[in-house]
Number of protein chains: 2
Amino acid sequence: MPASFHPAGSEIFSPGSDANCFYVVKFGCVRVYRLLADGRRQISAFHLPGEVFGFEADSRHHFFAEAVGATSTLSMRVSATADLSATLLPLALRGLVRAQEHLLVLGRQNAPERVAAFLLDMFERQGGLERFELPMSRTDIADYLGLSLETVSRVFTRLRGQGIMRLVSLRTVEIVKMQALSVMCE
Amino acid sequence: MPASFHPAGSEIFSPGSDANCFYVVKFGCVRVYRLLADGRRQISAFHLPGEVFGFEADSRHHFFAEAVGATSTLSMRVSATADLSATLLPLALRGLVRAQEHLLVLGRQNAPERVAAFLLDMFERQGGLERFELPMSRTDIADYLGLSLETVSRVFTRLRGQGIMRLVSLRTVEIVKMQALSVMCE
DNA sequence: CGAGTATTTGACAGCCGTCAATTACGGTGG
DNA sequence: CCACCGTAATTGACGGCTGTCAAATACTCG
């Protein structure tokens, strides 16, 4: 179970490379994404400490994975796992449910609803403390939510104006009115 | 492996119900979707003959599944499968990849690109014949692509005007310029 | 053949993306 | 410790795509 360190922005895998192992995030954050021919990017998931990513339907990767900030991972070769299917199935199913929920956000929610959903997700995945870090840039958030970075920024400003959240620093969020944020996602 | 017949529009399962079996489509088409509180709907997938759906991360369904038209399915109890994990893992992984590709469409492609991607997907999944049926309504297509039904209709009209496709009947598509359609998705 | 539904088409408004400029932050070196 | 520089984030102006509302047309089924 070898550990690796990934500097900010470094590639972990890319489409076409061998998918012979999967990864556990030890610290930091990983973004998994696809690109269109003209460079438009859709981040399908961020992975935080403790989360597993990198398994594929076949033996090749179909996505890019990069360290968002300084990140360390543990990688496990698929062959080294006694019962691979039993290990991966629950992970794959959870990923599937997450992706399907994300589809609802991208397909049917407007910009404020998307940002609210994102903040609540980050809140819950980082232990439910009202103050937490955003490991990723506004551009990353935009590419995850299918918005422009300017729109993400504008919604942040609006949420601050409504007293729903506070920015302790550019990347540190404090949720003030949890209820209001939840209502926004319906 | 009991077979069931589902009339058009009938419910196959809904959120909260027991997820103790999964389903294979025999004929017809199934839509799987979620709703927001105000009724906005996102269809996460259509399932055509031969495809499997209905497995979940836990023992409860999180989605609605309905027959699009007259549909028949085979249902298998999860407990009746010898090695459940080995059977379901490839299906779950394929579903995950599909969902992630769909995320790119919803997050980063405009209306014509989305419709083109949808038509190509239907084309490929129905055997690659240039003429094929759309089992679902414009509303269903819209809720799958995160568009309004009017926008779907307008894009259809435009594609016909450009000589890229023909509507043999309202639900029967003939793709005339495959190349042009592919280019639209990048 | 007729009723009801599905689809198409049109007019118009609004949300959000793009382009651009300004401000704020953070890290580095003096 | 502070000044400086490069990057990230914010803010503003404006246009276009797409949603909404509404009406007309086409289709399907009984």
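Owing to the predicted nature of the structure, the values given are computational and were not obtained by experimental measurement. In what follows, every chain begins at residue 1, and chains take the letters A, B, ... in the order their sequences are listed.
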ask   = To the nearest 0.5 Å, what is the distance between CG (A:L88) and CG (B:L88)?
value = 13.0 Å
ask   = How many Å lie between CG on A:L145 and P on C:dC15, as a whole number?
value = 18 Å
Interface with DNA chain C, restricted to residues 109-119 of chain B and to heavy atoms under 4.0 Å = none
task = Applying salt bridge (charged side-chain N to carboxylate O under 4.0 Å, His left out), name anything that partners B:R31, two or more places apart in sequence or on another chain.
result = B:E66, B:D140
task = Check side chain to side chain contact (heavy atoms under 4.5 Å, CB included) between A:A180 and all other residues, then give those that pass, not counting sequence neighbours.
result = A:I164, A:K177
task = At under 4.0 Å between heavy atoms, which parts of nucleotides 3-13 of chain D does protein reach? Answer with one letter per nucleotide, 5' to 3': B base, S sugar-phosphate only, - none.
result = -----SSBBBB
remark   = By side chain to side chain contact (heavy atoms under 4.5 Å, CB included), A:F27 pairs with (sequence neighbours left out) A:F5, A:S72
message = Clusters formed by hydrophobic residues whose side-chain heavy atoms approach within less than 4.5 Å: which one holds B:F53, and what are its other members?
response = B:I12, B:F13, B:Y23, B:V25, B:V30, B:V32, B:F63
task = Under 4.5 Å between side-chain heavy atoms, chaining through other members, with only Ile, Leu, Val, Met, Phe, Trp and Tyr counted: pull out the rest of the cluster around B:L36, sorted by chain and number.
result = A:L104
Which donor-acceptor pairs under 3.5 Å do side chains of residues 113-125 of chain B form with protein atoms, sequence neighbours excluded?
{"residue": "B:E113", "atom": "OE1", "partner": "A:R40", "partner atom": "NH1", "Å": "3.0"}
{"residue": "B:E113", "atom": "OE1", "partner": "B:N110", "partner atom": "N", "Å": "3.0"}
{"residue": "B:E113", "atom": "OE2", "partner": "A:R40", "partner atom": "NH2", "Å": "2.9"}
{"residue": "B:R114", "atom": "NE", "partner": "B:Q109", "partner atom": "O", "Å": "2.7"}
{"residue": "B:R114", "atom": "NH1", "partner": "B:L145", "partner atom": "O", "Å": "2.8"}
{"residue": "B:R114", "atom": "NH1", "partner": "B:G146", "partner atom": "O", "Å": "3.4"}
{"residue": "B:R114", "atom": "NH2", "partner": "B:L106", "partner atom": "O", "Å": "3.2"}
{"residue": "B:R114", "atom": "NH2", "partner": "B:Q109", "partner atom": "O", "Å": "3.1"}
{"residue": "B:D121", "atom": "OD1", "partner": "B:R98", "partner atom": "NH2", "Å": "3.2"}
{"residue": "B:D121", "atom": "OD2", "partner": "B:R98", "partner atom": "NH2", "Å": "3.1"}
{"residue": "B:D121", "atom": "OD2", "partner": "B:R125", "partner atom": "NH1", "Å": "2.9"}
{"residue": "B:R125", "atom": "NE", "partner": "B:E51", "partner atom": "OE2", "Å": "3.1"}
{"residue": "B:R125", "atom": "NH2", "partner": "B:F46", "partner atom": "O", "Å": "2.6"}
{"residue": "B:R125", "atom": "NH2", "partner": "B:E51", "partner atom": "OE1", "Å": "2.9"}
{"residue": "B:R125", "atom": "NH2", "partner": "B:E51", "partner atom": "OE2", "Å": "3.3"}

message = Just the rounded figure in Å: distance from P of D:dG19 to CZ of B:R40.
response = 12 Å
Side chain to side chain contact (heavy atoms under 4.5 Å, CB included) partners of A:E11, counting only residues at least two apart = A:S14
key: Axis bend over the full length of the helix from C:dC1-D:dG30 to C:dG30-D:dC1, computed from five pairs that close each end, to 10 degrees   = 50°
key: Co-members of the apolar cluster containing A:V183 [side chain, <4.5 Å]   = none
note = Taken in chain and number order and not counting sequence neighbours, the residues that satisfy side chain to side chain contact (heavy atoms under 4.5 Å, CB included) with B:V168 are B:R131, B:R166, B:T172, B:E174
note = Nearest-nucleotide check on DNA chain C, A:S169 vs A:L147; residue mapping nearer the 5' end is A:L147
